[in-house]
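Everything on this sheet refers to the single structure shown next.
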Amino acid sequence: MQAPYKIFTLIFAIALMTFVIVRCTKENFVEPKDPFAIQRLDPDPNVLILGEGNEALKLKTNQANVITTGDGVSITGSVFIENSTYGDLRISSGEFNLVEGDTGNFLGFEGVGLIELPNEGIFKEISIPELTAAPIGFKKGSEFDLEAFSFPVNENRYYFYYENPDRFNAGLTNTSFDNIEEVAIDPTDPFFYLKCSMEGTPLGFFDNIGIAFSTQGLIPFRPLVDFYDIPTFEGSIYLTGTVPIEKYPVSVSGETVLSFFDKETDAEHFFSGEEFSYKMGINGQVNFEHDALDWLNLEVVLGQATTYLSIQTDGETQIKWAGLRQTPSSTPSDFINNVIGYDWDFLDYLAVSESKETFYGTIGTDLSDWEFGFKTESWMHIGSFDIDMGGIQLEMNPDRLFFEGRAAIAGFTKVSLSGDINKNGNFKITGKVSNGFDASCCGLSIDFSLKITVSLEHKDGKVTFKGKGKLKGEACLGKLCADFSVSASFSISSDGEFTACFAIGIGKLGFDVCLDFDKKGVSETHYQPVMSYIEIPIEEVPVENRFPVKSQVK
């Protein structure tokens, strides 16, 4: 009798325990949290400092999302970053681990989260049709592999970044960003970078480019070539790749910054594919073809160049560019080696030559409103000395041609020729020669400089030929020195006017003579010679001042 009773009691006990366990389990069961569920930020969130120094970020998340770990914290849920302009921005939702540093700030952030892009300001309509999760990291701009990531990151700023093997798409009104593979986000602007293809804007289709967006329009444009007064500015969009400029005979490629004149309205029109007002700066390569260059047989292809483009919806446009082409230094031994195949290194103490070519120009609203310029410069380096060997400059527009050339001969004689020729027939051509010499021997020393200038000018039917020259210097015998100078000038015109002047000076002595032959005070058909003469008599100069000693002169 006892055995069946014991069996019944055991069965009853097992059934009772099973009932209790099942009931307790159902009542206390909690569904696991979905880490990718998008949350709102509670009024009293948990605040964690990411990074160090002035660039540190305030990361916020709900208190219930945080669990303390051995080396920091783990977060499951949405995370936000404090922004001084737009408040708290949601960066992502997912599962993240933060590593605490020695100072209490968190220096590590990694995990898997939903890819989200900041949608504030002019980018408030940006959307990702299908949110996807990807590995997310956090590091300074100096830690990026710039060649692989190819974005203009600030080396001192902190960024969140996604490296997503499964490409995704995003859109903004009528503009699509396709095949996005990499993303970096600077939440302080907010500022974000994409590697993708873009189409739907008035600029056309861009394939496999790097593109960055600044919500507040803080991307700086600094001309790579600062010659020719190309302006600096800040913009909203950064591009890498080739930019089509359909109106002009110019193709440009490189790094581009785009700035909207009206940030809100023009940005809306840009992403909708409508006309908009903007300015654009490009650092990179310029390929230029224009009918104005045909007579020069010149094709401009510049690798180191800066282009500025301004286009308004009212039709007013302007494009400016400046570029450099630089020839690297070479030595005489390099030249001989290239010619005969033998390197004489002992010649390297001689001159090293270097040259630089600069192209620049402007095109206005009307393609007939243009200006082109070209100049070359060259130097010779001997030891620690740099010798300017001269250069050439040519500048032209539809109404005017200007040219200038200068050269150094034998190191100390300089020759230059310049001209200004107008379409109306007026012109002026000027040539200059200058020289200098300094020598001493046996107590006698002499130094002098010689300058000669000659010009030919045609203005409103009148031709004038002018010239002037001056020789000046100092001669010393022991401590006894004297300055000397000889100068002459002349002017003769096609209408018969003539002027000639001559002057000699030694020490404090000298005289000037000028002869004018013009129409002053006379009828139109007669000329009157006028001669002037100025002399400093020797008796008017004290003896001690006629030839001062060298110590007094210096």
Side-chain angles (χ1 to χ4, degrees), residues 86 89-91 114-132 134 149-152 161-162 164 166-187 189-219 221 233-247 251-282 284 307 309-313 317:
Y86 297 103
L89 305 176
R90 187 174 61 244
I91 293 297
L114 292 178
I115 297 177
E116 297 188 51
L117 301 177
N119 55 354
E120 303 290 341
I122 61 177
F123 307 112
K124 58 181 175 292
E125 301 298 329
I126 198 166
S127 63
I128 302 175
E130 296 181 3
L131 289 179
T132 181
F149 215 72
S150 65
F151 291 140
Y161 66 96
Y162 299 94
N164 181 34
D166 299 322
R167 301 187 179 190
F168 67 99
N169 301 328
L172 183 58
T173 60
N174 292 339
T175 299
S176 62
F177 310 103
D178 301 324
N179 298 317
I180 299 173
E181 182 178 3
E182 296 171 297
V183 181
I185 299 172
D186 169 12
D189 185 341
F191 198 95
F192 60 99
Y193 311 95
L194 308 175
K195 199 170 184 179
C196 64
S197 299
M198 182 179 75
E199 64 178 333
T201 74
L203 297 181
F205 174 72
F206 295 85
D207 185 30
N208 193 27
I209 60 169
I211 181 169
F213 301 94
S214 169
T215 303
Q216 299 185 59
L218 302 179
I219 305 174
F221 174 72
F233 60 88
E234 293 182 332
S236 298
I237 297 178
Y238 169 94
L239 298 165
T240 59
T242 300
V243 178
I245 304 178
E246 298 179 354
K247 179 175 180 178
S251 62
V252 293
S253 61
E255 297 181 326
T256 301
V257 176
L258 182 69
S259 176
F260 302 115
F261 281 97
D262 185 306
K263 195 176 296 185
E264 295 291 337
T265 302
D266 288 326
E268 181 181 347
H269 290 171
F270 173 78
F271 292 114
S272 298
E274 305 172 23
E275 290 188 359
F276 65 106
S277 297
Y278 65 97
K279 51 188 173 184
M280 179 188 295
I282 305 167
T307 305
L309 177 65
S310 172
I311 294 183
Q312 308 255 5
T313 53
T317 61

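Between atom CG of residue Leu89 and atom CG of residue Asn119 there is a gap of 8.5 Å, rounded to the nearest 0.5 Å. Within the model, atoms OG1 of Thr256 and CD1 of Ile209 stand 9.0 Å from one another, a figure rounded to the nearest 0.5 Å. Rounded to the nearest 0.5 angstrom, Ile91 CD1 and Ile115 CD1 are separated by 13.0 Å. One distance of note links CE of Met198 with CG of Leu203; it measures 6.5 Å at 0.5 Å rounding. With rounding to the nearest 0.5 Å, the separation of OH in Tyr162 from CG in Leu117 is 8.0 Å. In this structure, CG in Asp178 is found 11.0 Å from CG in Leu194, a value given to the nearest 0.5 Å.
Applying the salt bridge (charged side-chain N to carboxylate O under 4.0 Å, His left out) test to every pair with at least one member in residues 119-129, sequence neighbours left out, gives these pairs: Lys124-Glu264. For the salt bridge (charged side-chain N to carboxylate O under 4.0 Å, His left out) condition, no pair includes a residue of residues 266-277, sequence neighbours left out.
Every ring-ring contact (aromatic ring centres under 6.0 Å, His included) that Phe270 has, sequence neighbours left out, goes to Phe260, Phe276. Residues satisfying the ring-ring contact (aromatic ring centres under 6.0 Å, His included) test with Phe213, not counting sequence neighbours, are Phe123, Phe177, Phe192. Checked against ring-ring contact (aromatic ring centres under 6.0 Å, His included), Phe261 has no partners two or more places apart in sequence or in another chain. In this structure Asp189 satisfies the side chain to side chain contact (heavy atoms under 4.5 Å, CB included) test together with Phe191, Ser214, Thr215, Gln216, Leu218, sequence neighbours excluded.
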Exercise for the section: List the steps, then state whether side-chain contact (heavy atoms from CB on, under 4.5 Å) holds for Ile219 with Ile237. Expected result: CA-CA 7 Å; Ile219 305 174; Ile237 297 178; 5.5 Å; no
Problem - Thr240 and Glu255: CA distance, side-chain angles, deciding distance, side-chain contact (heavy atoms from CB on, under 4.5 Å) verdict - result: CA-CA 5 Å; Thr240 59; Glu255 297 181 326; 4.3 Å; yes
Practice task
Could you please spell out the steps behind the side-chain contact (heavy atoms from CB on, under 4.5 Å) verdict for Ile128 and Leu114?
Solution key: CA-CA 11 Å; Ile128 302 175; Leu114 292 178; over 6 Å; no
Problem - Stepwise side-chain contact (heavy atoms from CB on, under 4.5 Å) check, Cys196 with Ile211 - result: CA-CA 8 Å; Cys196 64; Ile211 181 169; 3.7 Å; yes
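The shortest distance between side-chain heavy atoms of Ser176 and Asn169 does not fall below 4.5 Å. Counting heavy atoms from C-beta on, the side chains of Phe221 and Ser259 never come closer than 4.5 Å.
Contact between Tyr86 and Pro190 at its shortest, heavy atoms only, is CD1-CD, 3.7 Å. Nearest heavy atom pair, residue Met280 against residue Phe233, reads C-CZ, 3.9 Å. Shortest non-hydrogen contact noted between Ala170 and Pro129 is CA-CD, 4.2 Å.
Side chain of Ser272 to backbone of Asn174: no donor-acceptor contact under 3.5 angstrom is found.
For Ser197 and Asp207, the side-chain atoms include at least one donor-acceptor pair closer than 3.5 Å. In this model, no donor atom of one side chain and acceptor atom of the other lie less than 3.5 Å apart for Tyr161 and Glu182.
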